[in-house]
There are 2 protein chains.
Amino acid sequence: MTTIYDIAKKTGYSPTTVSKAFNNYSDVREKTRLDILRTAQEMGYVPNAHARTLTTKKSWTIGILFVESTGVGIRHPFFSAVIESFKQVAVAKGYDLMFISKDVGGKQSGYLENCRTRGVDGVVVFLSDYTDPYFQELLNSDIPTVIMDFETTQSHTVCSDNSAGALQAMEYLVSLGHRRIAHISGGMNTFPGRRRQLGYEKALDQWDLERQESYIVTGEFYTLESGYEAMKQLLELPERPTAVFASGDLLALGAIMAVKDSGLTVPGDISVMGYDDVDLARYVSPALTTVRQDTALLGSRAAEVLFDTINGSEKGLEALVLPTQVIVRDSCAPPAVTGR
Amino acid sequence: MTTIYDIAKKTGYSPTTVSKAFNNYSDVREKTRLDILRTAQEMGYVPNAHARTLTTKKSWTIGILFVESTGVGIRHPFFSAVIESFKQVAVAKGYDLMFISKDVGGKQSGYLENCRTRGVDGVVVFLSDYTDPYFQELLNSDIPTVIMDFETTQSHTVCSDNSAGALQAMEYLVSLGHRRIAHISGGMNTFPGRRRQLGYEKALDQWDLERQESYIVTGEFYTLESGYEAMKQLLELPERPTAVFASGDLLALGAIMAVKDSGLTVPGDISVMGYDDVDLARYVSPALTTVRQDTALLGSRAAEVLFDTINGSEKGLEALVLPTQVIVRDSCAPPAVTGR
DNA sequence: CAGTGAACAGAAAGGGCTTTCATTCTCTAA
DNA sequence: TTAGAGAATGAAAGCCCTTTCTGTTCACTG
């Protein structure tokens, strides 16, 4: 492995000058610099990031903290979409991304410890369970963080406007003429789930819609299966809703299957609306009407906020809330005019 | 930041002993070790991975090299599924994962350079274009690598048996009674695409099926759109195929759309088979009959092979080829008995 | 011609950890 | 009692790089 000492020896300059040449110090003559750079090239020199980090305390590494309970991991479409766009900004600024795990070197520890050990310059956080004590520990630390899909005053946060998104969805359904609209909630233990349900409830007030306890059913973990079960319940109601707003696309797909299985049609008998606009929403039949989150923007804005902090801008904590958009496809229609 | 020197000072032992205590050297008395560990805990000591790497030349980091042309990045379902399972093995063995980009610190360089700079212990490679000169450079280096979805004698490789998978697909179609089977190829410039097409052609021979130039159409980039276009072409053929084997699920979905748009049905008029079994294959209608790759196994086997190499097992190069499986759903049926 | 400042270069001290080798201490056996 | 064997500990060098501070040279200025 070639080091700056080897280059120093070969060129006759000191290691100091070699280092300076690489770091564009002004007190190195251009000719000297070129000489050193050329020799370095010839000798196949590659700088050692660890040695550099050791002295500069800067690792040019961002940690990705991503924990969710269902085991899909990276495959999670929302996560991967956001991270992809985050990554582009990061790479452009010279940072690389590293996954942070809870245990380091086989030993049970915590995120914070792993972050410190690895010396990351910042962390981007995706968590389904924000009550995780290890996460709290990280939050209380001085490591720059940006948290996705959550709100707290302890860190920068970036999320889309879940409540308003739900409201938009409801507005669309109302505009089609629906009055009996049910909600398949993602559950109150995830932040977006809570917010979307809140949006749903706001909508009930706002347009003075029928409010029934039984119109809110919870589908755990945003899975297709739980969406199916939730819809089954809704279908058995004496006063069946004419439309259903599901807190996630998979929930909506499950709901659609349940409707079909019970011999009814979507959107003929029941309209179903999703949330997220995952890839497959356009491919299913009927294509899913849903609320899209701007994942690309979420990722890039998060990156910008984080790098601003890392570079010491004193803007104070940012709580970005990004707008959503209703994507109209084929799973919603005006309610059937039934005997009344 | 607490260092071993701080602990040394506080406990009265030397830094050497402190270091040894952490690394379970046998020449540290148990009492001493416990004393040191407790003090470390109290002082909030966290080891510095960079310092350690600097001396040991081991970073406990695996680089992920993933480059593809279409811009989906991490969202790529095959990639993310494999990496997720790879990651689990890696974390269990104490390694963390880091994305390797082509340019390091804003400067254009190469994967190899970035790997060396970051001092990764190994690399797992996903590339759509294996002729990339930067990749060749890495391949020729001495950094342990495992390459997914590719075969070469210069590195470990892990891929599923694309050719056999295609053969299985064809076998299934033949078993349904099809004789005029077309192929929507992913193109010859990706390794899996080539192999699958090879399997298709083998099948033609094996079952003595109708062989027509025009039965092979290429859908670039495995996109839905190109699948659609490819199918359009096939539909215009004077002697229309009764079944189509597509090299990827999105191609197949596009094909199905084209069939529907032309007023025909799947599988009534034409059977369509995919490859990959992406998540959405089960959700579309008709649910897609396809060939599944065992992504979990691909990832974990790749990890094992790589860690074996890193830990110096001298097993020689491995070229793992994993079996595939036909997943029967609703997009294939026996050919319609047309006027003959 | 002394004095000044710019331009260029290098010595040396770290940064936090590991590892080799030497040293000290404590027993045991003769 | 003492040589010798372990057991326990530590000194010091090294990993590769950055940065501060000092030193030298040289071209000018007044």
Side-chain angles (χ1 to χ4, degrees), chain A residues 1-37 39-40 43-61 94 104-105 107 113-121, chain B residues 1-37 39-40 43-61 104-105 107 113 115-121:
Chain A
M1 187 177 196
T2 320
T3 72
I4 55 169
Y5 287 91
D6 302 323
I7 301 175
K9 199 167 295 174
K10 186 121 174 189
T11 57
Y13 292 103
S14 72
T16 302
T17 304
V18 175
S19 172
K20 285 180 175 174
F22 285 119
N23 292 288
N24 294 313
Y25 272 61
S26 59
D27 59 354
V28 175
R29 214 193 332 177
E30 188 58 14
K31 174 178 172 309
T32 310
R33 219 175 64 84
L34 261 36
D35 192 21
I36 289 174
L37 259 43
T39 309
M43 299 179 75
Y45 171 75
V46 170
N48 180 321
H50 300 286
R52 170 179 303 199
T53 298
L54 191 56
T55 67
T56 60
K57 312 243 176 258
K58 166 120 192 165
S59 66
W60 294 95
T61 305
V104 40
K107 288 155 211 152
E113 179 166 342
N114 203 352
C115 287
R116 287 213 196 288
T117 295
R118 290 290 188 178
V120 299
D121 297 329
Chain B
M1 186 177 198
T2 321
T3 71
I4 54 169
Y5 287 93
D6 301 324
I7 302 175
K9 198 167 294 173
K10 186 122 176 188
T11 57
Y13 293 102
S14 71
T16 305
T17 305
V18 174
S19 171
K20 285 180 174 174
F22 285 119
N23 293 288
N24 294 312
Y25 271 59
S26 60
D27 59 355
V28 175
R29 214 191 336 175
E30 188 58 14
K31 173 178 172 308
T32 309
R33 218 176 64 85
L34 260 37
D35 191 21
I36 289 174
L37 260 44
T39 310
M43 299 179 75
Y45 169 75
V46 170
N48 181 321
H50 299 286
R52 168 179 301 193
T53 299
L54 191 56
T55 67
T56 60
K57 314 243 174 256
K58 166 120 192 165
S59 66
W60 295 96
T61 305
V104 41
K107 288 154 211 153
E113 179 165 342
C115 286
R116 287 212 196 288
T117 295
R118 290 290 189 177
V120 299
D121 297 329

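Basis for what follows: all heavy atoms, side chains included, without hydrogens, waters or symmetry-related copies. So you know, we letter chains A, B, ... as the sequences are listed, proteins then strands, and number each from 1.
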Quiz item: A/Asn23 CG to D/dT19 C1': how many Å, rounded?
Solution: 10 Å
Quiz item: Counting just side-chain N and O atoms, does A/Ser19 come under 4.0 Å of either OP1 or OP2 of D/dT18?
Solution: yes
Self-check item: Donor-acceptor contact below 3.5 Å, side chain B/Thr53 vs main chain B/Lys58
Solution: yes
Self-check item: Of B/Thr55 and A/Pro15, the one whose closest DNA chain C nucleotide lies more 5'
Solution: A/Pro15
Quiz item: To the nearest 0.5 Å, how far apart are CZ in A/Arg118 and OG1 in B/Thr61?
Solution: 3.5 Å
Quiz item: Taking OP1 and OP2 of D/dT9, is either one under 4.0 Å from a side-chain nitrogen or oxygen of B/Thr32?
Solution: yes
Self-check item: Whole angstrom value for the distance that separates C1' of C/dT19 from NZ of B/Lys57
Solution: 13 Å
Quiz item: Hey, are B/Glu30 and B/Arg33 close enough for a salt bridge, meaning a charged N less than 4.0 Å from a carboxylate O?
Solution: yes
Quiz item: Aromatic rings A/Tyr45 and A/Phe22: how do their planes relate, parallel, tilted or perpendicular, breaks at 30° and 60°?
Solution: parallel
Practice problem: Work out which heavy atom in A/Ser59 is nearest to a heavy atom in A/Asp121; give both atom names and the distance. | Solution: N-OD1, 3.1 Å
Quiz item: Does A/Thr3 reach the side chain of A/Asn48, with side-chain heavy atoms less than 4.5 Å apart?
Solution: no
Practice problem: Can you check whether any acceptor in the base of C/dC17 is under 3.5 Å from a donor in the side chain of B/Tyr5, or vice versa? | Solution: yes
Self-check item: Donor on one side chain, acceptor on other, A/Thr17 and A/Ser14, under 3.5 Å
Solution: yes
Quiz item: When all nucleic acid strands are considered with a 4.0 Å heavy-atom cut-off, which category describes A/Thr53: base, sugar-phosphate, or nothing?
Solution: nothing
Quiz item: Once you round it to whole Å, what is the distance between P of D/dC16 and CG of A/Leu54?
Solution: 12 Å
Quiz prompt | Separation of atom CD1 in B/Ile7 from atom P in C/dC17, rounded to whole Å | solution = 8 Å
Self-check item: A/Tyr45 or B/Arg33, whichever maps to the more 5' nucleotide of DNA chain D
Solution: B/Arg33
Exercise. May I ask you to say what A/Gly119 touches in the nucleic acid, namely base, sugar-phosphate or nothing, with a heavy-atom cut-off under 4.0 Å?
Key: nothing
Between the protein and nucleotides 23-26 of chain C, which nitrogen or oxygen pairs are less than 3.5 angstrom apart?
none

Quiz item: Can you check the B/Ile4 CD1 to D/dT9 C1' distance for me, whole Å?
Solution: 14 Å
Self-check item: Closest non-hydrogen atom pair between A/Thr2 and A/Ile7, with its separation
Solution: CG2-CG1, 4.4 Å
Quiz item: Once you round to the nearest 0.5 Å, how far does OG1 of A/Thr117 lie from NE2 of B/His50?
Solution: 9.5 Å
Quiz item: Could you give the CG-to-P distance, from B/Asp6 to C/dC17, as a whole number of Å?
Solution: 9 Å
Self-check item: Shortest non-hydrogen contact from B/Val46 toward B/Met1
Solution: O-CE, 4.4 Å
Quiz item: Would you say a side-chain N or O of B/Ser14 is under 4.0 Å from OP1 or OP2 of D/dT9?
Solution: no
Quiz item: Whole-Å distance between D/dA11 C1' and B/Tyr13 OH?
Solution: 18 Å
Self-check item: Candidate nucleotides C/dC17, D/dC17, D/dT9, ranked by approach to the side chain of A/Arg52 - the nearest
Solution: D/dC17
Quiz prompt | For atom CE of A/Met1 and atom P of D/dC16, their distance in whole Å | solution = 6 Å
Quiz item: For C/dA7, does OP1 or OP2 lie under 4.0 Å from any side-chain N or O of A/Arg29?
Solution: no
Distances under 3.5 Å only, N/O to N/O: pair up the protein atoms with those of nucleotides 20-24 of chain D.
none

